[in-house]
Amino acid sequence: MEVTYAISGFESGSRRVTKPDEVDGVLSREQMIRKLNQAGGAAGVDAPLRALCDYVGGSHYLLARYDLLQEKGLDFIVTGNWPFDLVRRVGTVLADGYSRSTEIERCLALLQPQFEDLPDECRPPAGVSRRFCSLFFSVGRARFALLLLFPEELILSQERLREAALLAAYATSFVEERQRKSDRDFELTDRELECLFWIAEGKTSDEIALILGISRNTINNYITSVMRKTATKTRSEAIAYAVRNNLV
Amino acid sequence: MTHPLDTPKQASAGVGSSQPRKASSRSDLFPQLIAMQKRLKASNFAIFRVVGSGPPSRRKLVCELENLGADAPQICERFLNAYSVTLIEHIDSSLLPLIWSGSSAGSFVEAPEFSALLVRLAPGAVPLAGIAFPVRLGATGNGFVIFMAEELDLASDDIIQHHVESCRLMTDLLSMDERRTPHAEALSEREIACLQLAGDGRISEEIAGKLGLSVHTVNAYLGSAAIKLNSVNRIQAIAKAIRLGYIH
């Protein structure tokens, strides 16, 4: 079983396709859980996701930060073994879907497998279907998309896909928990966050001064300091920044 | 044409994300929860949701559905006094299930194959042992589905299946709430454009220049957007518009 993981993703994908009747590359749920349980937090995200991809019979996996797609660059990729040219294009497809959906729709998409075709100009690896599956889940403030490619003609179990997404969330939970301490709230102080929260609720400086029992000038100082730390020019932008980053 | 290990409920990989059983009212969730409770050999269930936004101290857990019997208010209170702070912090960083032992003699909770994937809470705060499945949807609707019993011996299969089902229950609950709240008048394209630019740090004069409007018109659009979003000023309107997915 270990051999499957030693082989790099690209090969393991095409290899399985050439031998479609090879079942021992696919993990049972029990084996899967034993693996996750043994590894605990030590394994990081990559190894568990490889195993999960095998568990659902997929050929390639890609874990992306769905909430970071708007930003430039490839920071949205957490881990994966999709061919690079596909990653770039699917990033555009995902960003598009993200901007067209409302927050409620995103909330309701939790663990719901969604199928879409790769853009026409993409060439998936030989024997791999154009149709990819996206699964969404949130861990803390971060929203993730798990994208899977499958060998052609493979029939998928929706239940299994949901389980895989949940287990991916478990694996990500370990990592998130460790990271949280390091980049906590962009180093804004509790008071600054408190001010931001009330501004987002539509309160004026005078009102916040009453609520928090400190002077109006102090409030304005906090807000100026927030704008400096977040590199924003106006109150509106600072609030937009705070909401986008789930600080309030 | 079958998956090597599964007999899938839904045929081809191309089928979209149709949900299996869609509950239409809260009373439909009850039998589903009872069925889950039976399978876990538990005696009670409860669904708690996180309400409020901002730092953990501003949020709290509210019981939405339960079958705790006549003592429900007391049990909920004891449960929340003991665990709500931990649970709210937990759901900000992790999706791993939580377990606890009860205070009555002989109460225990076991899940040998799953131990590393569970978080153990301080024992003895409530009479019964239990397991809480955190469900994180996104900006709203987050919470916990909880099962309790004198003793709980949990197989890993059960944990995963129930966690997946818990996620579905919470999305059902959210979509029911959504259908009940009347939707505010939709924002116009111009209003959205003005909100977006304001959120990007532009002042009214700049927005006016960019959109070829007068400053007064821009302010009027921002004002009408604030009214439609039930906000007191443009800053609150921007915060709400981002949360609702009108702007980014």
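Sequence lines set the chain letters: A, B, ... in the order given, protein chains first and strands last, and positions in each chain run from 1.
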If you look at every heavy atom in B:Arg234 and A:Ser236, which pair is closest and at what distance? CD-OG, 4.1 Å
Between A:Leu167, A:Thr232, A:Leu166, A:Thr234, which residue shows the highest count of heavy-atom pairs closer than 4.5 Å to chain B? A:Leu166
For B:Asp157, is the CG atom crowded, meaning more than 12 foreign heavy atoms sit under 6.0 Å from it? yes
If you take all heavy atoms of A:Ala169 and B:Leu95, which pair is closest and at what distance? CB-CD2, 3.4 Å
Using every non-hydrogen atom in the two residues, find where B:Ala239 and A:Ala200 come nearest and quote the distance to one decimal. CB-O, 3.9 Å
Assert top hit (heavy-atom pairs under 4.5 Å, partner chain A, pool B:Ile160, B:Thr140, B:Leu174) equals B:Ile160
Interchain contact, A:Arg34 with chain B, by part (heavy-atom threshold 4.5 Å): neither
Would you confirm whether B:Arg136, through its side chain, and A:Val139, through its main-chain N or O, come within 3.5 Å as a donor-acceptor pair? no
What part of A:Leu161 lies closer than 4.5 angstrom to a heavy atom of chain B: side chain, backbone, both or neither? neither
Search all heavy atoms of B:Thr171 against all heavy atoms of A:Leu108 and return the closest pair with its distance. O-CD2, 3.3 Å
Once the angle between the rings of B:Phe114 and A:Tyr170 is folded into 0 to 90°, is it parallel (under 30°), tilted (30 to 60°) or perpendicular (over 60°)? perpendicular
Exercise: identify the closest heavy-atom pair between B:Val232 and A:Gly202: CG2-O, 3.1 Å
How close do B:Ile235 and A:Ile239 get, heavy atom to heavy atom, and via which atoms? CG2-CG1, 3.3 Å
B:Lys210 NZ: over 12 foreign heavy atoms closer than 6.0 Å: no
Does B:Arg202 use its side chain to pair, donor to acceptor, with the backbone of A:Glu237 at less than 3.5 Å? no
Report yes or no: does B:Ser94 contribute a side-chain atom to a donor-acceptor pair with the main-chain N or O of A:Ser173 at less than 3.5 Å? no
